[in-house]
Each structure stands twice: as structure tokens, then as C-alpha cells.
S.K.: 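Quick one: this structure, given as C-alpha cells, is what I'll be asking you about.
Only heavy atoms go into these numbers, but all of them, side chains included; no hydrogens, no water, no symmetry mates. One is the number of the first residue; the rest follow in order along the sequence. Just follow the structure's listing: the first ligand is 1, and inside any ligand the first atom is 1.
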Amino acid sequence: MATAPTLETRRLTLAAFADELLTKRYVGWLNDPEVVRYSEQRHRRHTLSSCREFVGSFAGGPSHLWAIIEKERGLGHIGNINSAIDAPNRTADVAILIGEKKAWGRGLGAEAWMAVVDYLLGPGGMRKVTAGAMAENKAMLKIMNKAGMIEEGRRRRQFVLDGRAVDAILTARFAKGHG
Ligand SMILES: CC(C)(COP(=O)(O)OP(=O)(O)OC[C@H]1O[C@@H](n2cnc3c(N)ncnc32)[C@H](O)[C@@H]1OP(=O)(O)O)[C@@H](O)C(=O)NCCC(=O)NCCS
């Protein structure tokens, strides 16, 4: 993986994902239906080996995988955030998973997200940052909005959630001078 730079925010350290964080606790997050409710990860069973494969997929490529470390209350590793970089087009697609439920609803998702988006759109960085979420994932829609990402498309009835077809909302923010 292109070495992800460490990003510090008030309550978080975002650090390049280190192999020692590949734990049963981390695998447990991905197998928790509540955590993956709005994620396509909900359709499969995860193991240490499938997680290792995901982490390994960043090796040697331009994309970044950060571990989200909470430092104010000592919660430690609470989730991950990644950016899939399309280098020729200078775009990055961002995704986040906070698996530690004690960390939910405290503004930490927004804090991590804004740090990564600002970094990606910073000097010498990407032209455009994109992300998508199910229309039902209200927390994600708020986070993207807070980070200045605006809706640029909607894939109608793209996912099936609890037997009901729901829209995917695609959002983006451009670097200054590229919008
Ligand atoms: C989605 C997720 C990143 C949100 O992180 P979080 O730290 O709990 O969210 P925040 O506390 O930063 O909240 C952001 C905003 O959403 C709101 N919010 C949080 N949870 C919410 C919920 N369940 N319903 C509605 N709004 C919610 C907050 O009030 C806040 O809004 P505000 O700024 O107007 O106060 C986190 O819950 C998560 O990773 N979930 C599992 C994986 C996932 O769904 N990833 C995204 C797939 S696209």
C-alpha cells in the first residue's frame, strides 16, 4: 500500500493499518449484522483469513487503509477508513466502518471522515473525492454532507434492505479549482 500518512484529530489518530490489528475482535465487527447493516459486507461471513486478504489487497497499490484509533477515552482501535485511489483520474472513493459500538454517535465517524477527505483534497492530492451510501444510512448521509460532499447521483432501488429495494446515493467533493 502507498504508506498512509498518520492523521491526527482532536480525539483520533488515523494510522496506516498494522497487521497486529487483525484480531478476532475486528473480524467480529464484520460478522455483526448491526454493524454491517448498511454495508455490502453483510452478505458474507468474514474470517481472519478474509480480513487479512482485504488488508493485503492494499499492498503495493496507491490506495490507503487507515486504522481509526480513539485516544480520548482509550477505546483504541474502533474501526477503519479507506480510500480507493484511481491515480490516472486523480479521484478517491472513501469508505468507513466503525465496528466498536461504544464509539457510535459521538461525532467520531465525522471526525475521521473529514480528516481523510481534507487530506485527500489537500496540496498535490486528488481532484475529486467520492463516496456512496444507502439512502437509509442517515448517519453516513450527514457525515458526507458535513464534509462538503454533495449528491451527484442516485442509483435507484440499487440494494435490497429488509426485503425492500432502496436507493444508493452517490456524493462527491472537488478540490478547490476543479469543481
Ligand atoms: C455510519 C458511521 C460511520 C457513523 O459514525 P458515528 O461516529 O456513529 O457518527 P457521528 O457520531 O459522527 O454522527 C454523524 C451524524 O449522524 C447522526 N447520526 C448518528 N447515528 C445516527 C443514526 N443512527 N440515525 C440518524 N442519524 C445518526 C449524528 O447525530 C450526526 O449528526 P449531526 O452532526 O447533525 O449531529 C458508523 O456508525 C459506522 O461505521 N457504522 C457501520 C458501518 C457503516 O454503515 N459504514 C458506512 C457504509 S456506506
Side-chain angles (χ1 to χ4, degrees), residues 4 7-15 17 21-23 25-46 50-51 54-55 57-58 63-85 91-120 128-162 164-173:
L7 304 175
E8 297 285 350
T9 68
R10 187 167 69 78
R11 294 174 293 171
L12 303 172
T13 299
L14 308 183
F17 191 93
L21 297 177
L22 275 169
T23 59
R25 176 169 165 261
Y26 168 30
V27 178
W29 295 338
L30 290 164
N31 288 324
D32 179 338
E34 199 184 354
V35 173
V36 295
R37 176 164 171 73
Y38 300 115
S39 159
E40 289 311 285
Q41 299 306 321
R42 71 194 191 279
H43 305 298
R44 55 180 292 203
R45 182 95 196 144
H46 295 267
S50 66
C51 289
F54 171 72
V55 171
S57 72
F58 288 83
S63 299
H64 297 310
L65 175 63
W66 285 273
I68 305 174
I69 315 288
E70 197 277 343
K71 58 191 177 189
E72 187 188 49
R73 297 199 303 160
L75 295 177
H77 183 211
I78 57 169
N80 300 326
I81 184 164
N82 69 78
S83 64
I85 305 278
T91 63
D93 194 65
V94 182
I96 186 169
L97 182 132
I98 296 183
E100 175 51 68
K101 290 189 245 180
K102 274 189 262 172
W104 284 3
R106 305 172 51 84
L108 296 173
E111 198 167 310
W113 189 270
M114 288 193 280
V116 164
V117 170
D118 285 348
Y119 161 71
L120 290 168
K128 180 181 185 185
V129 168
T130 62
M134 271 188 214
E136 270 62 15
N137 193 346
K138 302 300 177 204
M140 252 340 285
L141 297 183
K142 280 195 172 176
I143 287 175
M144 294 189 293
N145 183 263
K146 263 186 163 174
M149 301 179 74
I150 57 167
E151 183 173 330
E152 64 170 9
R154 184 180 276 254
R155 301 193 83 174
R156 293 195 59 242
R157 299 164 65 77
Q158 176 71 10
F159 300 112
V160 176
L161 180 70
D162 301 334
R164 206 165 50 84
V166 299
D167 293 354
I169 295 185
L170 311 175
T171 70
R173 183 174 132 197

S.K.: Hey, is ligand 1 close enough to A110 that some N/O pair sits below 3.5 Å?
M.R.: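 Min N/O separation from ligand 1 is below 3.5 Å for A110.
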S.K.: Please say whether L97 places an N or O atom under 3.5 Å from an N or O atom belonging to ligand 1.
M.R.: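 So ligand 1 has no N or O lying under 3.5 Å from an N or O of L97.
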S.K.: Looking only at protein heavy atoms, identify the closest one to atom 25 (C) of ligand 1 and say how far it is in Å.
M.R.: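 Among all protein heavy atoms, the one nearest atom 25 (C) of ligand 1 is K138 CB, 3.6 Å.
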S.K.: Any side-chain heavy atom of V35 sitting closer than 4.5 Å to one from W104?
M.R.: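 Yes, close enough: below the 4.5 Å cut-off.
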S.K.: Does the plane of the ring in F54 sit parallel, tilted or perpendicular to the ring in F58? Use 30° and 60° as the thresholds.
M.R.: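 Aromatic pair F54/F58 classed perpendicular.
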S.K.: Could you tell me whether V35 and ligand 1 have an N or O pair separated by under 3.5 Å?
M.R.: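 For ligand 1, there is no N or O atom that lies under 3.5 Å from one belonging to V35.
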S.K.: Tell me which protein heavy atom sits closest to atom 44 (O) of ligand 1, plus the residue, atom name and distance to 0.1 Å.
M.R.: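 For atom 44 (O) of ligand 1, the nearest protein heavy atom comes out as N137 ND2, 3.2 Å.
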S.K.: To the nearest 0.1 Å, how far is atom 33 (O) of ligand 1 from its closest protein heavy atom, and which atom is that?
M.R.: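 Looking only at protein heavy atoms, the one closest to atom 33 (O) of ligand 1 is K146 NZ, 2.7 Å.
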S.K.: Just distances here: any N/O of I143 and N/O of ligand 1 closer than 3.5 Å?
M.R.: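 For ligand 1, there is no N or O atom that lies under 3.5 Å from one belonging to I143.
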S.K.: Taking NZ in K102 as the centre, count heavy atoms belonging to other residues, nucleotides or ligands within less than 6.0 Å. Is the count above 12?
M.R.: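 Count not over threshold, so no.
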S.K.: Look only at interatomic distance and state if S39 has a nitrogen or oxygen under 3.5 Å from any nitrogen or oxygen of ligand 1.
M.R.: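 By distance alone, the answer is no.
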S.K.: Which word best sums up how the rings of F17 and Y26 line up, parallel for under 30°, tilted for 30 to 60°, or perpendicular for over 60°?
M.R.: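 Judged by the thresholds at 30° and 60°, the geometry between F17 and Y26 is tilted.
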S.K.: Of all the non-hydrogen atoms in the protein, which one sits nearest to atom 38 (C) of ligand 1, and at what distance?
M.R.: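 Scanning the protein heavy atoms, the shortest distance from atom 38 (C) of ligand 1 goes to I98 N, 3.7 Å.
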S.K.: Among protein heavy atoms, which sits nearest to atom 20 (N) of ligand 1, and what does the distance come to when rounded to 0.1 Å?
M.R.: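 Residue, atom and distance for the closest contact: A139 CB, 3.5 Å.
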